[in-house]
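Protein chains get the first letters and strands the later ones, always in sequence-line order, with residue 1 at the start of each. Just so it is clear, the model here is predicted, and its values are computed rather than measured.
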Number of protein chains: 2
Amino acid sequence: MTAASAKSFQALGDPTRRAIFEKLEKGPLSVVHIAEGMEVSRPAVSQHLKILKEAKLVTMEQEGTRSIYRINQKGIELMLKYLDRFWDDALVSFKKVAEETEKRKTK
Amino acid sequence: MTAASAKSFQALGDPTRRAIFEKLEKGPLSVVHIAEGMEVSRPAVSQHLKILKEAKLVTMEQEGTRSIYRINQKGIELMLKYLDRFWDDALVSFKKVAEETEKRKTK
DNA sequence: AATTACGGTAAGTGCAAACTTACCATAAAA
DNA sequence: TTTTATGGTAAGTTTGCACTTACCGTAATT
């Protein structure tokens, strides 16, 4: 497989990294701001951010001494495309109809 | 954040589980068939299947002594919905335009 | 009834990876 | 220029988890 999305899935597989990722949903943040209120240390956050960056889930830009991180659409796109391969609209609607039929039977 | 999708991301974060998941893309398979050609033992595959099932990424149905596994759309749906929160069409098209503009400049 | 195929689980092992503390470099403030 | 804020990285520890072997139960063959 060796898909480009592998790193993204591995990255979001960790709960702490998902928490960081979700913190960036509202907008860009510096490292100290991200670490603020989290239950892990600031260096741990730095290490996670490195992994998220390599997974194309965040980008970083320097502003003086501050490192501003924001969500990167690229990684999300990779994951969406991967999942789309397994997504079958027809099957879902078929299952829904089947479930409804089952409900009517048991009533 | 305790989202329903947490287990799904954790499950697909592992490369071996992604390999199993991808094997089921073409259709339902028994455990021995899934394990066939993989570099891990059959019990390992069983353990992974349990996790994938709890993550709503596969379903199982018994056929005699055989356990037939197939892809479950539910888990995929959970992940797609989660990622959609971070997906910003406007931002992507804006970035594309910006990149194109940049290209023209450097030409 | 004996054998074979299938697969779930228990118990134990080993390693990757998520942490910590300590340290250093850089840029902004004082 | 001294101090403070910021954050990356090195080194070491610990712990979770992916794996193995061993075992057992059940259903289909023979």
Side-chain angles (χ1 to χ4, degrees), chain A residues 1-3 5-24 27-72 75, chain B residues 1-3 5-24 27-72 75:
Chain A
M1 50 147 271
T2 340
S5 60
K7 281 189 180 181
S8 308
F9 278 104
Q10 208 128 11
L12 278 198
D14 179 76
T16 307
R17 280 194 289 268
R18 270 200 310 283
I20 291 172
F21 190 65
E22 287 163 18
K23 267 208 168 188
L24 295 174
L29 286 173
S30 69
V31 178
V32 280
H33 266 95
I34 295 168
E36 208 165 47
M38 298 207 74
E39 57 207 5
V40 295
S41 69
R42 200 263 314 151
V45 170
S46 261
Q47 288 160 18
H48 282 306
L49 283 167
K50 188 181 181 179
I51 292 168
L52 286 169
K53 190 151 71 88
E54 283 166 357
K56 297 188 195 302
L57 285 165
V58 302
T59 59
M60 188 269 269
E61 84 183 293
Q62 206 70 254
E63 279 188 16
T65 61
R66 264 164 250 193
S67 299
I68 308 298
Y69 284 86
R70 69 187 72 222
I71 284 177
N72 184 3
Chain B
M1 68 142 298
T2 345
S5 59
K7 281 188 179 180
S8 308
F9 278 103
Q10 207 127 12
L12 280 197
D14 180 78
T16 307
R17 280 193 290 269
R18 270 200 309 282
I20 291 172
F21 190 65
E22 286 162 18
K23 266 208 168 185
L24 295 174
L29 287 173
S30 70
V31 178
V32 280
H33 265 94
I34 295 168
E36 208 165 47
M38 298 208 74
E39 58 207 5
V40 296
S41 69
R42 202 262 316 146
V45 171
S46 262
Q47 289 161 17
H48 282 307
L49 284 168
K50 187 182 183 181
I51 292 167
L52 286 168
K53 189 150 71 88
E54 284 167 355
K56 298 188 194 301
L57 284 165
V58 303
T59 59
M60 188 268 271
E61 83 183 293
Q62 206 69 253
E63 278 188 16
T65 62
R66 264 165 251 194
S67 300
I68 309 298
Y69 284 86
R70 70 187 69 221
I71 283 177
N72 183 5

Checking A:R18 side chain against A:L12 main chain: does a donor-acceptor pair fall under 3.5 Å? yes
Whether A:S46 contacts D:dT9 is assessed here as follows: a side-chain N or O lying under 4.0 Å from the phosphate OP1 or OP2. Is that the case? no
Between D:dT6 and A:Y69, is there an OP1 or OP2 to side-chain N/O distance shorter than 4.0 Å?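 Result: no.
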Rounded to whole angstrom units, what separation is found between the [atom1] atom of [X] and the [atom2] atom of [N]?
X     : N      : atom1 : atom2 : result
B:I34 : C:dC6  : CD1   : P     : 13 Å
A:I68 : D:dG8  : CD1   : C1'   : 15 Å
A:R18 : C:dA18 : CZ    : P     : 12 Å
A:M60 : D:dG7  : CE    : C1'   : 9 Å
A:L49 : C:dA17 : CG    : P     : 18 Å

Within 6.0 Å of CD in A:Q62, more than 12 heavy atoms from elsewhere: yes
Over 12 foreign heavy atoms within 6.0 Å of NZ, B:K56: no
Do B:E61 and B:T59 come within less than 4.5 Å of each other through their side chains, counting heavy atoms only? no
Under 4.0 Å protein heavy-atom contacts per nucleotide of nucleotides 24-30 of chain C, with B for base, S for backbone only and - for none: ---BS--
Reading 5' to 3' through nucleotides 17-23 of chain D, protein heavy-atom contacts under 4.0 Å coded B for base, S for sugar-phosphate only, - for none: -SBBBB-
Partners meeting side chain to side chain contact (heavy atoms under 4.5 Å, CB included) with B:R42 (sequence neighbours left out):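 Only B:V31, B:A35, B:S46 meet the side chain to side chain contact (heavy atoms under 4.5 Å, CB included) criterion with B:R42.
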side-chain hydrogen bond (donor to acceptor under 3.5 Å, both in side chains) with B:R17: which of B:H48, B:Q47, B:Q10? B:H48
Return the CG to CG distance between B:L52 and B:L24, rounded to the nearest 0.5 Å. 8.0 Å
Return the CD1 to CD distance between B:I71 and B:E22, rounded to the nearest 0.5 Å. 9.0 Å
